[in-house]
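Heads up: the structure comes next, in structure tokens.
Here is the naming used below: chain letters follow the sequence lines, and residue numbers restart at 1 for every chain.
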Protein chains: 2
Amino acid sequence: MEDTLFDFISKYISLTEDEKSELLSLDLFRSVKQGTTLLEEGQKSKNSYFVLKGCIRIYYVLDGEEKTTAFYTEMEALTPPCVVNKTPSEYYISCVEDTILTVSNSDMEVETNSKFPKFEIMCRLLSEELLAKQQIDFDEFKTSSPEQRYLNLIQKRPDLIQRVPQYQLASYLGIKPQSLSRLRARILDKKS
Amino acid sequence: MEDTLFDFISKYISLTEDEKSELLSLDLFRSVKQGTTLLEEGQKSKNSYFVLKGCIRIYYVLDGEEKTTAFYTEMEALTPPCVVNKTPSEYYISCVEDTILTVSNSDMEVETNSKFPKFEIMCRLLSEELLAKQQIDFDEFKTSSPEQRYLNLIQKRPDLIQRVPQYQLASYLGIKPQSLSRLRARILDKKS
DNA sequence: ACAACTCGTTCACTTAAGTTAAGAAATGCG
DNA sequence: CGCATTTCTTAACTTAAGTGAACGAGTTGT
């Protein structure tokens, strides 16, 4: 489990054994059951997450309806916007599956970053990378139809389609569950 | 003009006079005419931009059609994903208006960041902020209809509707120009 | 085992976006 | 100025997504 975290970090900076044990001493690892809510609407939070195993999702409740906007699975890191902006959360974060993750809070990160300038660099590299990745994702979303987005998802994150309920996938694709059902039937028709 | 840049920077870190003059010595400012292309599809680039005055846009050409996905106006910074990923660009960047901006390249930034750790911190803060902001924008896009997105745009960036051609706005909203025309007529109907 | 609930699918119908085409309005240029 | 080009709008028609309702499969709890 620790190795998964260190593998991830090694993509950005290299750590000495001392630094590794210092990191481990922070006691970051948590195990959470499916369905657990990590963050509620209206809450203020300072927590960032890194998923080691399992799947968490972000969803809004608008007009009484759940709108899922993001999934985070193995080796993905998440700092919710409300943590950056220091505002109450407008969304929920909950576990789609039993999940193992690290939880770190921003006070701790400020401290670690000033102690180890390396971490500052990692944070910059990571957020630059995530920003670039998300920009591409957003562009793809804007320039394609729901059907194309679904086909795209099959290519890029085939696991999600298996492990996540359809109604959550639907809003992730920007449509209603009924439309996703129909769209899938349409694709099957075309193939034959 | 320099002051605009320093005002922006002061939101993240404070600079000494020496640091300011060092920055100015880098000769970052550029003036570009409307219609100028800053980046072409297929090109590799190391340039980041910060808009002081004017407006630039990102667009793709897909099936021979222009798809505009982003606008950057006064006091907005842009590091294209292709710079971060070191891959050839899949899109164009061009000037919607006569524009004054700063151009910096990533080699230069690496140098500056190691010389002034402050800059490293600013880069992290900035990309964290932009990531959070973009996440919210993406969520809003996913959870709303074209009409809601247009009404939302009127609230949040009313200037864009004035200064940018309709067909560019349309793809920015994820629809065709004809649909935007119709949508606007529909909104006017409702009001009366 | 049975009732209650959730989830996915299907259907009929409504609404809005895509498509194609035509014309009006605005812009640029010789 | 007039001509060409680009941009915006309108319209008729097609296609796909939204809506409301119903049904069956699977799950949960008692």
Side-chain angles (χ1 to χ4, degrees), chain A residues 33-37 55 57 59-68 71 92 94-98 141-154 160-191, chain B residues 33-37 55 57 59-68 71 92 94-98 141-154 160-190 192:
Chain A
K33 281 257 163 284
Q34 176 176 359
T36 308
T37 297
C55 178
R57 65 188 256 256
Y59 68 96
Y60 293 70
V61 176
L62 305 174
D63 306 319
E65 254 190 295
E66 264 186 33
K67 305 267 191 177
T68 300
F71 297 101
Y92 298 79
S94 89
C95 296
V96 176
E97 305 169 346
D98 290 353
F141 195 96
K142 276 184 187 163
T143 57
S144 59
S145 66
E147 183 171 327
Q148 289 172 313
R149 296 199 282 256
Y150 177 71
L151 293 169
N152 195 22
L153 192 65
I154 293 178
L160 275 191
I161 290 153
Q162 303 308 320
R163 63 208 287 198
V164 161
Q166 300 291 313
Y167 74 96
Q168 291 175 15
L169 275 183
S171 48
Y172 183 66
L173 295 169
I175 57 176
K176 303 281 165 180
Q178 297 93 317
S179 298
L180 179 53
S181 267
R182 182 167 40 195
L183 180 159
R184 294 176 55 163
R186 202 165 60 220
I187 290 172
L188 284 177
D189 273 8
K190 283 184 192 169
K191 279 192 185 163
Chain B
K33 280 258 164 284
Q34 176 175 0
T36 308
T37 298
C55 178
R57 64 188 257 257
Y59 68 96
Y60 293 70
V61 176
L62 305 174
D63 306 318
E65 254 190 294
E66 263 186 33
K67 306 267 190 176
T68 299
F71 297 101
Y92 299 79
S94 89
C95 296
V96 176
E97 305 170 345
D98 290 352
F141 195 95
K142 275 185 187 161
T143 58
S144 59
S145 66
E147 182 170 329
Q148 288 172 314
R149 297 200 280 258
Y150 178 72
L151 293 169
N152 195 22
L153 192 66
I154 293 177
L160 275 191
I161 290 153
Q162 302 308 319
R163 63 207 288 197
V164 162
Q166 301 292 313
Y167 74 94
Q168 291 175 14
L169 274 183
S171 47
Y172 183 66
L173 295 169
I175 56 177
K176 303 280 165 181
Q178 298 92 316
S179 298
L180 179 54
S181 267
R182 182 168 39 195
L183 181 158
R184 295 175 55 167
R186 202 166 60 220
I187 291 171
L188 284 177
D189 272 9
K190 283 185 192 167
S192 63

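- For the ring-ring contact (aromatic ring centres under 6.0 Å, His included) test, residues two or more places apart in sequence or in another chain that qualify with B/Phe141 are A/Phe138, A/Phe141.
- Between the C1' atom of C/dT14 and the CD atom of A/Gln178 lies a distance of 14 Å, rounded to the nearest Å.
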Polar atom pairs between nucleotides 28-30 of chain C and protein, under 3.5 Å, N or O only, would you list them?
none

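- In this structure, B/Arg182 and B/Gln166 both approach DNA chain D, and ranking their closest nucleotides by distance from the 5' end singles out B/Gln166.
- C/dA17 atom P lies 18 Å from atom CD of A/Glu147, rounded to whole Å.
- Contact of the A/Glu147 side chain with the A/Ile187 side chain is registered, since non-hydrogen atoms from C-beta on lie closer than 4.5 Å.
- Nucleotide D/dT10 holds its P atom 13 Å from the CZ atom of B/Arg186, rounded to whole Å.
- Counting only heavy atoms from C-beta on, B/Lys176 has its side chain closest to C/dG18 among D/dT19, C/dC7, C/dG18.
- In this structure, A/Leu153 and A/Leu169 have side chains that are in contact, with non-hydrogen atoms separated by less than 4.5 Å.
- Residue B/Asp189 contributes atom CG, which lies 14 Å from atom P of C/dT15 at whole-angstrom precision.
- In the set C/dT20, D/dG20, D/dA17, D/dA17 carries the atom at the smallest distance from any side-chain atom of A/Ile175.
- The CD atom of A/Gln148 sits 14 Å away from the C1' atom of D/dT15 (whole-angstrom rounding).
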Please report the C-alpha distance between B/Arg186 and B/Asp189 in whole Å, then the side-chain angles of each, then the deciding distance to 0.1 Å, and finally whether the side-chain contact (heavy atoms from CB on, under 4.5 Å) criterion is met. CA-CA 5 Å; B/Arg186 202 166 60 220; B/Asp189 272 9; 5.6 Å; no

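- Contact annotation: side chain of A/Arg184 to base of C/dG8, donor-acceptor pair absent below 3.5 Å.
- Rounded to whole angstrom, the span from the NZ atom of B/Lys67 across to the C1' atom of C/dG18 amounts to 10 Å.
- Every residue meeting the ring-ring contact (aromatic ring centres under 6.0 Å, His included) condition with B/Phe71, not counting sequence neighbours, appears here in chain and number order: B/Tyr172.
- Using a 4.5 Å cut-off on side-chain heavy atoms (C-beta onward), B/Thr68 and B/Val164 make no contact.
- Whole-Å rounding puts the B/Glu65 CD to D/dT6 C1' distance at 15 Å.
- Contact annotation: the side chain of A/Asn152 never approaches that of A/Ser144 to less than 4.5 Å [non-hydrogen atoms, C-beta and beyond].
- The interatomic distance linking A/Leu62 (CG) with D/dG18 (P) rounds to 15 Å, in whole Å.
- Phosphate proximity of D/dT10 to B/Ser181: absent, as no side-chain N or O sits under 4.0 Å from OP1 or OP2.
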